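By convention here, the first residue in the shown sequence is residue 1. Just follow the structure's listing: the first ligand is 1, and inside any ligand the first atom is 1. Keep in mind it's a predicted model, so treat the numbers as computed, not measured.
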Amino acid sequence: MSERVLLASGKVREIYALDDDRLLLVASDRISTFDVVLPTPIPDKGRVLTGLSAFWFARTSEIVPNHLLDLGDDGRSTVCRRLEMLPVEVVVRGYLSGSGWVDYRATGEICGHVLPAGLRESERLPEPIVTPATKAAEGHDLNIDEAEAADLCGADHYAEAREAAVAVYRFAARHAEERGIVLADTKFELGVDRDGRVMLADEAVTPDSSRFWPLDGYAPGRPQPSFDKQFVRDWCLATGWDRTYPGPELPDDVVSGTRARYVEAFERLTGIEFDRYLADPKVVL
Ligand code: PZK
């Protein structure tokens, strides 16, 4: 008997308190593009993201402990340890894209990291870099440098968090590349338990917290297509949508094509048939 008390609601998921020590995270099938949640869900998207997170948590627990306690039979909910969350998101970037590319082009730096001159959009960086961000008022992320992140988290907690994040990124990026997916960057959220242990929380290395690019056709010098959302983005923009609320309803072929891309990402990365996950989610653990 666990009463669920809604703690927070994100764009595409909810988080409930079960008791003082445990939370329930539930991933919906909602999809956002250009920061707008669309009116049409993508069936099983929440299950794909939940299964991928659980897969990575299970395979990286020797690198860094994590908040995962149990995976629900519905495939979209997880029971997690309740932590004191660090007030920064820890983004690890292995490639030059998004706000990193914007900042690099303007200044030659990203979050205080001075990079070699002449890098192209989407190019692989000499080494992965950590670019922390804070949640600004309107839900938008504000990039900060690592000294500010250390001030906000405490130097020891930040140092542990960033080392864990880089190690998990390296593990996941290598695994993904062997399966035909470039893990361009990924955002981690970490927290601290009662005993002061830094742990990975939230979701881990999903398409919603990362940039996944198809390795086939990867070429620096231009933006790369998103492994999961490119059909949705292309279709939405082709309608003439101005990227403000509300977004357009998606036609069936865009929904089914996008679902297929999420399922393909799950199957390539986990090596597990998605139907097996639906029958018994714990196969990813
Ligand atoms: C926590 N969020 C963000 C996630 C939302 C909002 N293990 C944890 N302990 C304490 N707090 C959190 C977590 C985790 N994960 C995460 N907010 C609080 C978030 C999902 C849906 F609406």
Side-chain angles (χ1 to χ4, degrees), residues 2-32 35-38 41-42 44-61 63-72 74-92 132-142 144 149 152-154 157-158 160-162 164-165 168-169 172 186-210 245 262 281 284-285:
S2 301
E3 196 67 25
R4 295 182 183 190
V5 177
L6 185 65
L7 266 195
S9 194
K11 282 205 293 254
V12 302
R13 60 227 168 101
E14 279 82 45
I15 185 161
Y16 300 86
L18 294 177
D19 56 42
D20 286 352
D21 301 324
R22 297 179 314 143
L23 302 176
L24 185 76
L25 261 66
V26 183
S28 75
D29 291 337
R30 295 191 292 277
I31 187 169
S32 73
D35 279 330
V36 174
V37 178
L38 300 179
I42 304 298
D44 293 323
K45 171 176 174 282
R47 292 190 174 91
V48 165
L49 269 59
T50 299
L52 276 174
S53 273
F55 171 84
W56 295 117
F57 283 141
R59 275 150 194 80
T60 61
S61 63
I63 300 175
V64 54
N66 61 68
H67 76 165
L68 180 65
L69 293 171
D70 198 15
L71 181 54
D74 65 1
R76 66 169 72 252
S77 57
T78 53
V79 178
C80 305
R81 278 183 246 272
R82 197 168 185 167
L83 305 172
E84 189 78 51
M85 298 300 286
L86 296 180
V88 305
E89 302 176 340
V90 181
V91 180
V92 185
T134 54
K135 281 260 177 251
E138 248 309 286
H140 258 112
D141 300 345
L142 180 70
I144 58 176
L152 289 168
C153 298
H157 283 158
Y158 181 70
E160 266 196 63
R162 61 108 52 212
V168 172
Y169 172 81
T186 192
K187 173 183 81 182
F188 295 102
E189 305 221 21
L190 299 99
V192 183
D193 76 0
R194 273 188 221 298
D195 303 318
R197 286 185 289 246
V198 172
M199 294 191 183
L200 216 52
D202 203 85
E203 57 181 336
V205 196
T206 70
D208 277 10
S209 64
S210 317
Y245 178 87
Y262 278 97
V284 295
L285 298 180

Do Lys187 and Asp202 sit within salt-bridge range, that is, some charged N less than 4.0 Å from a carboxylate O?
no
The atoms of ligand 1 lying under 4.0 Å from a heavy atom of Arg13, numbered in the order shown, are 4 (C), 20 (C), 21 (C), 22 (F)
Per side-chain contact (heavy atoms from CB on, under 4.5 Å), Tyr169 is matched among Val91, Thr186, Val90 by Thr186
| said: Using salt bridge (charged side-chain N to carboxylate O under 4.0 Å, His left out), reason through Asp208 and Lys45 one step at a time and then give a plain yes or no. | reply: CA-CA 10 Å; Asp208 277 10; Lys45 171 176 174 282; 2.8 Å; yes
Atom 11 (N) of ligand 1 has as its nearest protein heavy atom Met85 CG, 3.4 Å
* May I ask whether Ser9 has any heavy atom positioned less than 4.0 angstrom from an atom of ligand 1? => yes
Atoms of ligand 1 under 4.0 Å from any heavy atom of Arg82, numbered from 1 in the order shown, are 9 (N)
Exercise. Considering only heavy atoms from C-beta outward, does the side chain of Val168 approach that of Trp56 to under 4.5 Å?
Worked result: no
What I want to find out is whether Arg197 reaches Asp195 closely enough, with some N-O distance under 4.0 Å, to be called a salt bridge. yes
Please assess Asp19 against Arg82 for the test salt bridge (charged side-chain N to carboxylate O under 4.0 Å, His left out), listing each intermediate value before the final yes or no. CA-CA 9 Å; Asp19 56 42; Arg82 197 168 185 167; over 6 Å; no
The atoms of ligand 1 lying under 4.0 Å from a heavy atom of Gly10, numbered in the order shown, are 5 (C), 22 (F)
So CD of Glu14 and CZ of Arg76: to nearest 0.5 Å the spacing works out to 10.5 Å
Within the 4.0 Å heavy-atom cut-off, what Ala8 brings close to ligand 1 is both
Out of His67, Glu84, Arg22, the nearest non-hydrogen contact to atom 14 (C) of ligand 1 is supplied by His67
When distances are taken from atom 18 (C) of ligand 1, the protein heavy atom at minimum range is Ile15 CD1, 3.9 Å
Among non-hydrogen protein atoms, atom 7 (N) of ligand 1 lies closest to Arg81 O, 2.8 Å
Atom 9 (N) of ligand 1 has as its nearest protein heavy atom Leu83 N, 2.8 Å
Any heavy atom of Leu23 under 4.0 Å from ligand 1? The part involved is side chain
Of Glu189, His140, Glu89, the one forming a side-chain hydrogen bond (donor to acceptor under 3.5 Å, both in side chains) with Lys135 is Glu89
Does any N/O atom on Asp202 come nearer than 3.5 Å to any N/O atom on ligand 1? yes
